[in-house]
Visitor: 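Structure provided below as structure tokens; questions to follow.
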Amino acid sequence: MQKRLNEVALVTGASRGIGRAISVQLAGDGFDLCLVARGREKLEQTARRCHKTNPKIRILILPCDLTLLEEIPGIVAKCVKQLKGLDLLVNNAGMNVQNVCSSASMETWDRELTLNLLTPMHLSHFAAPHLINSGSKGSARRGGHVIMICSLISKTRPVAGMSAYTCTKYGLRGFGYGIFEDLRERGVSVTNIYPSLTNTELGSQFRREFSDLCGLSQDEMLKPSDIAQSVSFAVKESRRPTSCVVEMVIDSQLPLFLQNKEALQHELAHIEDALKQVSTLSVEENVAIVTGGSRGIGEAAAFALAKGGIKKIALVARNVAILREAADKIERLVPGTECLPLSADITDATAAQGAVSECIHKLGGISVLVNSAGINRRCSVVSSDPRIWDEVYCLNLKGSMDMTRLCLPYLVASRRSGLLSSVIFINSIISLTNVGTAGEASYYFTKMGLRGFAQCLWEDTRHLGVKVTSILPSLVSTPLGRKTGPTPYVQTKEMIAPEAVGEAVRYAAQTSHSCCPTEIAIETQHNLYKIFQEYDKAIVEEKQ
């Protein structure tokens, strides 16, 4: 019997496009592969590319029609038997037939609904027992991973002629949420990935049929490798004992639909005026500026960026002593890094301007802005002091907006020099939910407002090459999280490690110029639902 050395991934739709790119990426990451699609010849082409990337892996090819649901138990069984296990399931296979509801063929709809939605459901069902018993060597938790390749269409406005496709992608999105809740306590991670229009056969078909709306050439669409890298990131980060990347939105850096060209031209002219003040700036290397950089997520983000190759980093916070400790620590752990501590209260616009100016003067530019500074003052709407609301608003929302406004011209100049250009907001997963928490109104309105600001900022600046990413973690093990979270109900070991958020910052900043991960949501692997119920109850009783 052949000994199992590597983790095993089963990838559907592996014969071309996104599925092929994911397979090649996973081969490079050291996975043995079970490749599933209809055409043997194209699967063999994928296998050859995977072996070229990593000759040491084992590959099993299983040609089949995935709409034949009765064959799915056998597919999973063959994978487990021949490759000695299953650690990762990538539900990627899909189809899209454009037709309006009144003229659609029911036979076509049935096939699309089966392949896009029922097939992933059946595969996940039969894979689940094996994923529960999975786990990489040396991992602090056991359990595998399910990746759902959804679509950005299930996050945005639907398109005429795509009702069946939209139905399946909304359904897949909901199914991903559901099985995460089913399996998270068993150690299994689940990630929904929402790519925009991608340069594949399917994407090109869509582009041809909607050519009157699309403003992108094939070269400007997402690349399959962009999606593959997002899968690799999600899998690696979800190996941490307490965290799971539950959502990733991956969009093309340039607008798909140029429906308001006048507004874009106006914004471009405005940016050009702002750039006059930095026209003499010679940007030679990437520079990052991180607010809230003295500890917690801010310090972890700066450390991750330094490890990723950004050697000049400014840390902004109020306490100069703690800032210097953080700067010294990063310089010690990542030799060659220059860390500049900048003591400033960013709720003061003059102080924020001073910090940005000093960063430019001493480090030579700004390529990456990480808005990490934030506070939470838990209080009831009924009995709260208005000054508390002002304090939360000024730091969490206005401070981030002011820093972004001040840094934006330099970010554009950085991109024009061929360097990175990225604004990253450390937000909260609560901005994705529709359920409030007692005592958290001030925190909720700032975080939801910040998410809306980030989305509109990106639409304003994406054509200039500026990426905008919201990172949305659940409860993180930081001084803020431990102090204002639902303690003593949640233990520190059940929270997300700051390093997980830091790595998300590094990934977001360093993706290809054609791609922008607009949102990355990170959940704790532990089910906190009942814990938060107890927390809400305690807050209500405290205020009565």
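No hydrogens, no waters, no symmetry mates; every other heavy atom, side chains included, goes into these values. This one's a predicted model, so the numbers in the text were calculated from it and none came from an experiment.
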Visitor: Salt bridge between E499 and R240, side-chain N to carboxylate O under 4.0 Å?
Guide: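 No salt bridge links E499 with R240.
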
Visitor: Are the side chains of T524 and L475 in touch, meaning some heavy atoms are under 4.5 Å apart?
Guide: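 Of all side-chain heavy-atom pairs linking L475 with T524, none is under 4.5 Å.
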
Visitor: Does the side chain of R184 come within less than 4.5 Å of C244's, by heavy atoms?
Guide: no

Visitor: Taking the side chain from R173 and the backbone from S154, do they hold a donor-acceptor pair closer than 3.5 Å?
Guide: yes

Visitor: Determine the minimum heavy-atom distance between K223 and S514, stating which atoms define it.
Guide: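 Residues K223 and S514, closest heavy atoms: NZ-OG, 3.2 Å.
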
Visitor: Ion pair present between E503 and K307, side-chain N to carboxylate O less than 4.0 angstrom?
Guide: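 Salt bridge present between E503 and K307.
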
Visitor: Tell me, yes or no, whether the heavy-atom count around E70 atom CD, taken from other residues, nucleotides or ligands under 6.0 Å, exceeds 12.
Guide: yes

Visitor: Under a 4.5 Å cut-off applied to non-hydrogen side-chain atoms, are V90 and T12 in contact?
Guide: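 No, their side chains stay 4.5 Å or more apart.
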
Visitor: Quick one: do E7 and R239 make a salt bridge, cutoff under 4.0 Å?
Guide: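 Looking at R239 together with E7, the answer is yes, because their closest N to O distance falls below 4.0 Å.
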
Visitor: Main chain of A288, side chain of S367: is a donor-acceptor contact present, judged purely on distance under 3.5 Å?
Guide: no

Visitor: Does any part of the side chain of V476, heavy atoms only, come nearer than 4.5 Å to the side chain of I297, both counted from C-beta?
Guide: yes

Visitor: With no hydrogens and no angle check, do the side chains of Q229 and T511 hold a donor and an acceptor under 3.5 Å apart?
Guide: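 Absent: no donor and acceptor within the cut-off.
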
Visitor: Should C150 and Y170 count as side-chain neighbours, where that means a heavy-atom distance under 4.5 Å?
Guide: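 No - every pair of side-chain heavy atoms lies 4.5 Å or more apart.
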
Visitor: Answer yes when E247 and K155 have at least one side-chain N-carboxylate O distance shorter than 4.0 Å, and no when they do not.
Guide: yes

Visitor: Using 4.0 Å as the upper bound for N to carboxylate O, is an ion pair formed by D32 and K56?
Guide: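 No, K56 and D32 are not salt-bridged.
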
Visitor: Could you report the tightest heavy-atom contact between P129 and N133, atom names first, then the distance?
Guide: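 Looks like O-ND2, 3.1 Å.
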
Visitor: Taking side chain as C-beta onward, heavy atoms only, is V235 less than 4.5 Å from T191?
Guide: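 They are not in contact (no side-chain heavy atoms under 4.5 Å apart), so the answer is no.
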
Visitor: Would R58 and Q82 count as a side-chain hydrogen bond (donor to acceptor under 3.5 Å, both in side chains) here? Give the steps.
Guide: CA-CA 10 Å; R58 293 181 297 162; Q82 296 192 39; over 6 Å; no

Visitor: Could you tell me the separation between the OG atom of S512 and the CG atom of L222, rounded to the nearest 0.5 Å?
Guide: 8.0 Å

Visitor: Would you please classify the geometry between the F425 ring and the F453 ring as parallel, tilted or perpendicular, with 30° and 60° separating the classes?
Guide: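 F453 vs F425 ring planes: perpendicular.
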
